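See below for the structure under consideration.
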Amino acid sequence: MDINVLKTTAQAMVAPSKGILAADESTKTIQKRLEKIGVQSNPETNLAYRQMLFTTLGVEEFISGVILYDETIRQSIDGQPVPQYLQSKGILPGIKVDKGAVDMANFPGEKITEGLDGLRDRLAEYKELGAKFAKWRAVIAIGAGIPSDTCIESNAESLAQYAVLCQEQDIVPIVEPEVLMDGGHDLARCQEVTKKTLKAVFAKLTAHKAILEGMILKPNMVISGKESTVKAIASEIAKATVETFKEVVPAEVPGIVFLSGGQSPDEATENLAEINKIGGPWQLSYSYGRALQDEALTTWVGKEESVPTAQQAFYDRAQKVSQARSIKSV
Ligand code: 5MM
């Protein structure tokens, strides 16, 4: 393990004005996304869509890295393997290495993320293919009587095991414990669960001797549930988010890259701007999937002639999110 490589990569992932594009939709998820615009998902259409995003001129001003799915990391753009194509634009290639969240035995309504078996060998192969960082997503749901301590602890343990296996091979782990927005809970409940989850995650990372300077945290913002009758506004979300993170996220972590989690592109942009107005000891950036892609996706609709306007939509959103991430604290 080379700590300097880990630190340098982690810092490049959250370089000023930049953040990460999450384009690691699994087969089922990309199917759902393309179905919405009337396109049948297969390896060719999936690549056509992602190629539209990756070849957007100038987007590397705002995008430091792209999280790829196993299918995409093995594909090529203009005869060049995708990871090498991205690197030639100054974008770091990353890879989703978890195998998805499945129902947790004995804990109805809760999920555990799979993928630790054989992970060391898979990481070695991904490194060979060009991956500089990786991602593992754990999912924590809020509901009546959940999350349980067992769910939080088990997911935190897996995240930590994943993180150190990545670091062993100089791959920066993005540690993603996502507290879902689904449900009618309010901001305070989200704050309580997020705090508990992050505490557990950092306790496990410490127990496994993870290098905090060589990782990136990808959390949810502290936000009210989608069905909540009391919707928190951006300044409240920002205050609760930064307050929580200051309590539980060590300052050694170079960057926090938020997920959008079902927020609209405008909401995810505004909330990030408010968060940066407050600021903290870490870079406060983005690793959005839907909030960066939605407008481009619905403009593209699978048509070759729509590529320039879809790319413009993607560029414009990436620029707005980058501006939000660049606001200086007051
Ligand atoms: C792009 O979606 C990622 C993969 O999801 P599935 O395994 O469900 O297909 C997802 O992990 C994503 O990276 C994060 O949830 C952030 O995306 P959003 O859309 O929440 O910003």
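Please read these numbers as outputs of a predicted model, since none were measured by experiment. As the structure lists them, so they are numbered: ligands from 1, and atoms in each ligand from 1.
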Does an N or O from Ala23, backbone or side chain, lie closer than 3.5 Å to an N or O of ligand 1? no
Nearest non-hydrogen protein atom, atom 20 (O) of ligand 1: Gly261 N, 2.7 Å
Answer with side chain, backbone, both or neither: which part of Glu25 has a heavy atom less than 4.0 angstrom from an atom of ligand 1? both
Look at ligand 1 and say whether Ala291 reaches it with a heavy atom at a distance under 4.0 Å. no
Only one of Thr55, Thr45, Thr72 clears side chain to side chain donor-acceptor pair (under 3.5 Å) with Arg50; which? Thr72
Please confirm whether Gln293 approaches ligand 1 to less than 4.0 Å, judged on its heavy atoms. no
For ligand 1, find out whether one of its N or O atoms is nearer than 3.5 Å to an N or O atom of Tyr288. no
Closest to atom 8 (O) of ligand 1 among protein heavy atoms sits Thr29 OG1, 3.4 Å
Which one holds for Lys218 and ligand 1: side chain close, backbone close, both close, or neither close, with close meaning a heavy atom under 4.0 Å? side chain
Note the single closest protein heavy atom to atom 2 (O) of ligand 1, along with its residue, its atom name and the distance in Å. Asp24 OD1, 3.9 Å
With no hydrogens and no angle check, is any side-chain donor or acceptor of Glu227 less than 3.5 Å from a backbone partner on Gly183? yes
For the side chain to side chain donor-acceptor pair (under 3.5 Å) test, which of Gln312, Lys320, Gln319 pairs with Asp316? Gln312
Once the angle between the rings of Trp282 and Phe245 is folded into 0 to 90°, is it parallel (under 30°), tilted (30 to 60°) or perpendicular (over 60°)? perpendicular
In the structure I gave you, are the side-chain heavy atoms of Met221 and Gln263 within less than 4.5 Å of one another anywhere? yes
Identify which one of Val139, Asn155, Leu217, Thr194 satisfies the side-chain contact (heavy atoms from CB on, under 4.5 Å) criterion when paired with Pro177. Leu217
Does a side-chain heavy-atom distance below 4.5 Å link Phe107 with Cys151? no
Judged by non-hydrogen atoms, does Lys96 sit under 4.0 Å from ligand 1? yes
Please confirm whether Glu176 comes under 4.0 Å of ligand 1, counting heavy atoms of the residue only. yes
What atoms of ligand 1 come closer than 4.0 angstrom to any heavy atom of Ala22? 1 (C), 13 (O)
Considering residues at least two apart in sequence or located in another chain, which fulfil the ring-ring contact (aromatic ring centres under 6.0 Å, His included) criterion with Phe314? none
Is Gly289 close to ligand 1, meaning an N/O of one under 3.5 Å from an N/O of the other? yes
Kindly write out the residues that satisfy ring-ring contact (aromatic ring centres under 6.0 Å, His included) with Phe54, not counting sequence neighbours, or none if the list is empty. none
Among all the protein's non-hydrogen atoms, which is closest to atom 13 (O) of ligand 1, and how far away is it? Lys135 NZ, 2.7 Å
For atom 21 (O) of ligand 1, grab the closest protein heavy atom and report residue, atom and distance to one decimal in Å. Ser260 OG, 2.4 Å
